[in-house]
**Student:** 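Mind having a look at this structure? Questions to follow.
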Amino acid sequence: MPTYVLGHHLKGEGARLELMSELLDPMHRRYIDALGVVRPGARTLEVGCGNGSISAWLAECVTPGGTAVAVDLDLSLMHVHIQNLELRQADILAGPIERGAFDLVTARAVLHHVTHPETAIANMIASLRAGGTLLLIEPDFLPVSIAEPQEVRAFWDGWLAWSRERGIDYHIGRTLAPRLASLGLTKINGTAETAIYNGGSLWADYWIETVTELRGDLISSGKVDQALIDRFLVCCSDSTWWTQTIAFTAVHGRTPGG
């Protein structure tokens with residue numbers, strides 16, 4: 001796995017993860033609810049739990065009698081400690097977390113940072129019980145190809161060039177369904193949704209925090225210059241500027257049997 005460019009040691013990472021939870025948790029919970037597999041007594045696994053907001057919610061959903069397991073390479077920003085929530089520090093590339101043990105395995109915004117996503121997905125599937133469900137949510141940056149004005153589109157072109165150099169695949173969302181099919185999952189389905197937002201919104205705040213955190217690395221890569229970053233940040237503060245960035249792609253499938 002490449003070094004995570006927004007590691008938990010960074011000064012603003014805790015606040016950035018909190019903002020991401022506020023923006024994405026409602027969608028993630030809605031998709032899980034629609035699957036109908038999380039109920040009292042169930043066992044769930046979240047890979048790449050971050051600050052633990054989804055795992056904490058899952059722990060409440062499986063009570064009484066169930067267990068929610070939260071896994072990350074770095075648990076330093078995981079400050080949630082509640083009944084039926086189990087924390088584990090582990091690398092999904094190293095193997096299944098617990099073979100054949102879970103009714104639901106889910107991961108959000110993890111695989112685009114992974115060098116060998118097929119290995120990570122295979123290990124998640126191996127952690128499922130027969131008839132268990134895998135739910136993956138990953139980005140697809142297709143909407144930035146039509147971003148306006150032109151300087152913002154140029155910023156995103158540079159961002160994507162930088163990310164490729166860093167081993168990050170911001171188009172992995174479109175590959176999820178065929179990946180699950182190739183690994184033998186059934187009843188595969190999915191959707192993608194894109195937030196439309198303006199400057200001064202929570203999504204704009206998220207990008208201001210993220211780009212500010214990464215500014216030095218972006219400039220030193222030579223893919224984005226100071227002027228493009230400044231122009232982008234000005235747009236993010238302009239309430240008359242409207243845009244869309246990520247098609248968050250949620251795909252799920254079931255293991256045979258059960």
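Sequence positions, counted from 1, serve as the residue numbers for this chain. Excluded from the calculations below are hydrogen atoms, water molecules and symmetry mates; all remaining heavy atoms, backbone and side chain alike, are included.
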**Student:** Got a donor-acceptor contact below 3.5 angstrom from the T249 side chain to the P139 backbone?
**Tutor:**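 Looks like no, no N/O pair under 3.5 Å.
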
**Student:** Tell me if a side-chain donor or acceptor on T255 pairs with a main-chain N or O of R129 at a distance below 3.5 Å.
**Tutor:**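 Yes: the side chain of T255 pairs with the backbone of R129.
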
**Student:** Short question: side chain of S201, backbone of Y197 - any donor-acceptor pair under 3.5 Å?
**Tutor:**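 Side chain of S201 to backbone of Y197: no pair is present.
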
**Student:** If you take all heavy atoms of A122 and L183, which pair is closest and at what distance?
**Tutor:**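 Heavy-atom minimum between the residues: N-CD1, 4.0 Å.
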
**Student:** I would like to know whether R174 and D169 meet salt bridge (charged side-chain N to carboxylate O under 4.0 Å, His left out); could you show each step before the answer?
**Tutor:** CA-CA 11 Å; R174 68 190 66 174; D169 182 0; over 6 Å; no

**Student:** Donor-acceptor check, side chain of T212 to backbone of E209, threshold 3.5 angstrom: yes or no?
**Tutor:**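 Side chain of T212 to backbone of E209, a donor-acceptor pair under 3.5 Å: no, none is there.
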
**Student:** Working to the nearest 0.5 Å, report the span between CG of N198 and SG of C235.
**Tutor:**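 Between atom CG of N198 and atom SG of C235 there are 11.5 Å.
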
**Student:** Under the 3.5 angstrom rule, does the side chain of R99 hit a backbone N or O of P96 as a donor-acceptor pair?
**Tutor:**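 No, the answer is negative, given that no donor and acceptor are paired below the 3.5 Å cut-off.
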
**Student:** Say whether I196 and Y206 are linked into one hydrophobic cluster, either directly or through other cluster members, by side-chain heavy-atom distances under 4.5 angstrom.
**Tutor:**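 They do not share one cluster, since no chain of ILVMFWY contacts under 4.5 Å joins I196 to Y206.
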
**Student:** Hey, could you give me the CG/SG distance between D205 and C236, rounded to the nearest 0.5 Å?
**Tutor:**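 The SG atom of C236 is 8.5 Å from CG of D205, to the nearest 0.5 Å.
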
**Student:** Fit a plane to each ring of W162 and W159, take the angle between them on a 0 to 90° scale, and name the class: parallel (under 30°), tilted (30 to 60°) or perpendicular (over 60°).
**Tutor:**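 Answer is tilted, since the angle falls between 30° and 60°.
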
**Student:** Using a strict cut-off of less than 4.0 Å between a Lys/Arg side-chain nitrogen and an Asp/Glu carboxylate oxygen, indicate whether R88 and E46 qualify as a salt bridge.
**Tutor:**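 No, no charged N to carboxylate O under 4.0 Å.
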
**Student:** Side chains of L111 and L176, heavy atoms from C-beta outward: is any pair under 4.5 Å?
**Tutor:**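 The answer is yes, as the side chains (C-beta and beyond) meet within the 4.5 Å cut-off.
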
**Student:** Heavy atoms only: give me the nearest L77-L17 pair and the separation to one decimal.
**Tutor:**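 So the two residues come closest at CD1-CD1, 3.6 Å.
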
**Student:** Ignoring hydrogens and geometry, is there a side-chain-to-backbone donor-acceptor pair from N123 to I92 under 3.5 Å?
**Tutor:**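 Judged by distance alone, yes, a pair lies under 3.5 Å.
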
**Student:** Is it possible for you to say whether V234 and V211 belong to one hydrophobic cluster, with membership spreading through side-chain heavy-atom contacts below 4.5 Å?
**Tutor:**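 Each belongs to a different hydrophobic cluster.
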
**Student:** With no hydrogens and no angle check, is any side-chain donor or acceptor of T175 less than 3.5 Å from a backbone partner on H171?
**Tutor:**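 Looks like no, no N/O pair under 3.5 Å.
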
**Student:** How close do S221 and E165 get, heavy atom to heavy atom, and via which atoms?
**Tutor:**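 Shortest heavy-atom separation between S221 and E165 comes out as CB-OE1, 4.0 Å.
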
**Student:** Tell me if a side-chain donor or acceptor on T133 pairs with a main-chain N or O of L104 at a distance below 3.5 Å.
**Tutor:**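 Answer holds: no.
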
**Student:** Does T106 reach the side chain of H28, with side-chain heavy atoms less than 4.5 Å apart?
**Tutor:**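 Result yes, sub-4.5 Å side-chain heavy-atom pair found.
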
**Student:** Would you mind reporting whether D217 and R166 have side-chain heavy atoms less than 4.5 Å apart?
**Tutor:**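 Side chain of R166 against side chain of D217, heavy atoms only: contact under 4.5 Å found.
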
**Student:** Does W241 reach the side chain of T243, with side-chain heavy atoms less than 4.5 Å apart?
**Tutor:**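 Yes, side chains in contact.
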
**Student:** So I121 and L180, do their side chains get closer than 4.5 Å, heavy atoms only?
**Tutor:**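 Sidechains of I121 and L180: in contact.
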
**Student:** Measure the spacing between CG of D225 and CG of D230 and express it to the nearest 0.5 Å.
**Tutor:**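 Going from CG on D225 over to CG on D230, the span is 9.0 Å.
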
**Student:** Flag the pair R39 and D103 as a salt bridge only when some basic side-chain nitrogen lies within less than 4.0 angstrom of an acidic carboxylate oxygen.
**Tutor:**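 Judged by the 4.0 Å cut-off on N to carboxylate O distance, R39 and D103 do not form a salt bridge.
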
**Student:** Quick check on the hydrophobic clustering: are I125 and V105 connected, directly or via other members, by side-chain heavy-atom contacts under 4.5 Å?
**Tutor:**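 They do share one cluster, since a chain of ILVMFWY contacts under 4.5 Å joins I125 to V105.
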
**Student:** Can you find a heavy atom in the side chain of R179 that is under 4.5 Å from one in the side chain of P117?
**Tutor:**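 Yes, side chains in contact.
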
**Student:** Distance-only, no hydrogens or angles: does the T44 side chain make a donor-acceptor pair with backbone N or O of A42 under 3.5 Å?
**Tutor:**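 No; zero donor-acceptor contacts below 3.5 Å.
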
**Student:** Could you tell me the separation between the CG atom of L23 and the CH2 atom of W203, rounded to the nearest 0.5 Å?
**Tutor:**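 The CH2 atom of W203 is 5.0 Å from CG of L23, to the nearest 0.5 Å.
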
**Student:** Between the main-chain N or O of I137 and the side-chain N or O of R108, is there a donor-acceptor pair closer than 3.5 Å?
**Tutor:**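 No, because the side chain of R108 does not come within donor-acceptor range (under 3.5 Å) of the backbone of I137.
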
**Student:** Please verify the inter-ring angle class for Y170 with F141; under 30° counts as parallel, over 60° as perpendicular, anything in between as tilted.
**Tutor:**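 Tilted.
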
**Student:** If you measure from CG on L93 to CD on E118, what distance do you get to the nearest 0.5 Å?
**Tutor:**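 Rounded to the nearest 0.5 Å, the CG-CD separation comes to 9.0 Å.
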
**Student:** Got a salt bridge between R30 and D25, using NZ or NE/NH1/NH2 to carboxylate O under 4.0 Å?
**Tutor:**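 Result for this pair is no, no salt bridge flagged.
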
**Student:** Check this for me: does any side-chain nitrogen of one of R153 and E148 sit under 4.0 Å from a carboxylate oxygen of the other?
**Tutor:**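 Salt bridge flag = yes for E148 with R153.
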
**Student:** So do V224 and F155 actually touch side chain to side chain, heavy atoms under 4.5 Å?
**Tutor:**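 Yes, their side chains come closer than 4.5 Å.
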
**Student:** So, taking the atom named CG in L87 and the one named SG in C49, what distance separates them when rounded to the nearest 0.5 Å?
**Tutor:**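 Reported value, rounded in 0.5 Å steps: 7.0 Å.
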
**Student:** Does the side chain of M78 come within less than 4.5 Å of D72's, by heavy atoms?
**Tutor:**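 They are not in contact (no side-chain heavy atoms under 4.5 Å apart), so the answer is no.
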
**Student:** If you take all heavy atoms of V110 and G48, which pair is closest and at what distance?
**Tutor:**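 The pair with the smallest heavy-atom distance is CG2-CA, 3.9 Å.
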
